[in-house]
Structures are given as structure tokens and as C-alpha cells.
Amino acid sequence: MLACVDVDYRPDVTVAACVLFRGWTDAKEAGHLVERGPVAEPYEPGQFYRRELPHLLRVLAGVQEPLEAIVVDGYVWLGEDKPGLGAHLYEALCRAVPVIGVAKTPYVTTGSALPIVRGQSLKPLLITAIGMETATAAEHIRRMHGSSRLPTMLKFVDRLCRES
């Protein structure tokens, strides 16, 4: 099973969502989970994981099947040896599940992020990974269903967060 996860912040609640799917090219979800939790911590540059990680762990705790990989909206690495959200998630899950970061905007020191272009977009997605080679992760994201810049499952988890 594969998972895409995301978090949405509101003044009174934080919503975390997880969309499950069986194969990288799947057009439809196999299931999804939504968790509503307390207001997120304030944003701190370079410490984004502190804001999202507790909520991601809460929604992932509800997944009943073993995960092959998790895709996060953001970075695994913020630069050489500087862990981002994905690296912190990997550690919190005892290094048991590879994590792929898909970022839409460059971070100041994105380091080894691998740019890929999908669909007709000229703006690349920036791919980082832990637990698997970045080139392999980039190929998985490139192959994901959808003709636009963002894969279908990432668009779905984003919408699920915002609308739940």
C-alpha cells in the first residue's frame, strides 16, 4: 500500500489526511483517513516538521496495512544533511517506511532535490527521498496518474484536507 499525506491549518483545528492507493499509476484511491486535531504549532522557518509531524503521525496511526512508501507535500531534505519534514517522519516511523518529498517551490538550500516536469507544466516539482534512491522516487512520482503538474493522488489528499 502507498500513501499520500497532507495537513491543513485552520484557526480552531488542524486537519490531517491520508490517501491510500495500491500502485504508482493508480487513478483511484484504495481508501482514505482524516484526523481532526488541535491547532498546529506556529510556523518556524526551517522547523516546518514541528508543525506537521504530530498530525501526520496521528492520521498514519489509523492505517491498517503495511506501507511501501509515503509521499509528503514538502521536502525530505532541506539541504545537505539538513532534515526536513520527510526525514523527521522517516525517523519517527523507525526507518520502516521510505518517504518521498514532493515540493512545489524551491527552498533556500534544497541541495540534492531532483527536479521533474509533469504534464504540460514548465515548473518542476522538486523530489527528495529517504529510504530509497532519489532517482527511483522521482521516477515513481513521474509515473503517478494525472496529466497535470501534480499527480492525482496528491491533488486528492490536498482537497480532502481542505474540504474535511
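Just so it is clear, the values below take in all heavy atoms, side chains as well, and ignore hydrogens, waters and symmetry mates.
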### Task
Check whether any side-chain N or O of Arg10 sits under 3.5 Å from a backbone N or O of Arg162 as a donor-acceptor pair, and report yes or no.
yes
### Task
Please check if Met1 and Val72 belong to a single hydrophobic cluster, counting links between Ile, Leu, Val, Met, Phe, Trp and Tyr side chain heavy atoms closer than 4.5 Å.
yes
### Message
Taking atom CD as the centre, does Glu41 end up with more than 12 heavy-atom neighbours from other residues, nucleotides or ligands that are less than 6.0 angstrom away?
### Response
no
### Message
Tell me if a side-chain donor or acceptor on Thr128 pairs with a main-chain N or O of Tyr75 at a distance below 3.5 Å.
### Response
no
### Task
To the nearest 0.5 angstrom, please state how far the CG atom of Asp6 sits from the CG atom of Asp158.
5.5 Å
### Trp77 side chain to Gly84 backbone, donor-acceptor under 3.5 Å
no
### Task
Consider only side-chain heavy atoms of I, L, V, M, F, W and Y, link residues closer than 4.5 Å, and tell whether Leu33 and Phe156 are in one cluster.
no
### Message
Testing the basics here: between Leu114 and Ala138, what is the closest heavy-atom pair and its distance to 0.1 Å?
### Response
CD2-CB, 3.5 Å
### Query
Can you name the nearest heavy-atom pair linking Ser147 to Arg118, along with the distance?
N-NH2, 4.5 Å
### Task
Please check if Val13 and Val157 belong to a single hydrophobic cluster, counting links between Ile, Leu, Val, Met, Phe, Trp and Tyr side chain heavy atoms closer than 4.5 Å.
yes
### Task
Quick one: closest heavy-atom pair of Met132 and Ala69, and the distance?
CE-CB, 4.2 Å
### Query
Got a sec: does the CG of Asp12 have more than 12 other heavy atoms crowding it under 6.0 Å?
yes
### Separation of Met153 CE from Phe21 CZ (nearest 0.5 Å)
6.0 Å
### Query
At what distance, to the nearest 0.5 angstrom, does CG of Asp8 lie from CZ of Arg159?
13.5 Å
### Task
First locate atom CG of Leu20, then atom CD1 of Ile70, and finally report the distance between them rounded to the nearest 0.5 Å.
10.0 Å
### Message
Counting C-beta onward and ignoring hydrogens, is there a side-chain heavy-atom pair between His140 and Ile127 closer than 4.5 Å?
### Response
no
### Transitive ILVMFWY side-chain link Val76 to Ile116, under 4.5 Å
no
## Note on the structure
Shortest non-hydrogen pair, Thr25 vs His145, comes out as O-CB, 3.5 Å
### Query
For the side chain of Thr14 and the backbone of Pro38, is there at least one donor-acceptor N/O pair under 3.5 Å apart?
yes
### Query
For Glu133, does the CD atom sit with more than 12 other heavy atoms under 6.0 Å from it, leaving out its own atoms?
no
### Task
Using modelled atom types only, decide if a donor and an acceptor are shared between the side chain of Arg36 and the backbone of Ser164 within a distance under 3.5 Å.
yes
### Query
Is there a side-chain contact between Leu2 and Val71 (heavy atoms, below 4.5 Å)?
no
### Query
Is there a donor-acceptor contact under 3.5 Å from the side chain of Arg149 to the main chain of Lys123?
yes
Contacts under 3.5 angstrom, residues 53-63 side chains, donor-acceptor by atom type, not counting sequence neighbours:
| from | atom 1 | to | atom 2 | distance (Å) |
| --- | --- | --- | --- | --- |
| His55 | ND1 | Arg58 | NH2 | 2.8 |

### Nearest-0.5 Å distance that lies between atom CG in Leu154 and atom CG in Leu125
8.0 Å
### Task
Identify the two heavy atoms, one from Cys4 and one from Met144, that lie closest to each other, and give their separation to 0.1 Å.
SG-CE, 4.1 Å
### Query
How long is the span from the CD atom in Gln64 to the CG atom in Leu67, to the nearest 0.5 Å?
10.5 Å
### Query
Side-chain heavy atoms under 4.5 angstrom apart, residues restricted to Ile, Leu, Val, Met, Phe, Trp, Tyr: same cluster for Tyr49 and Tyr43?
yes
### Message
Contact between Glu52 and Tyr9 at the side-chain level, heavy atoms closer than 4.5 Å - yes or no?
### Response
yes
### Message
When you measure from the side chain of Asp26 to the backbone of Gly23, do you find a donor-acceptor pair of N or O atoms at a distance under 3.5 Å?
### Response
yes
Result block: side-chain N/O donor-acceptor pairs under 3.5 angstrom for residues 85-103, not counting sequence neighbours:
| from | atom 1 | to | atom 2 | distance (Å) |
| --- | --- | --- | --- | --- |
| Glu91 | OE1 | Arg95 | NE | 3.1 |
| Glu91 | OE1 | Arg95 | NH2 | 3.4 |
| Glu91 | OE2 | Arg95 | NE | 2.8 |
| Glu91 | OE2 | Arg95 | NH2 | 3.1 |

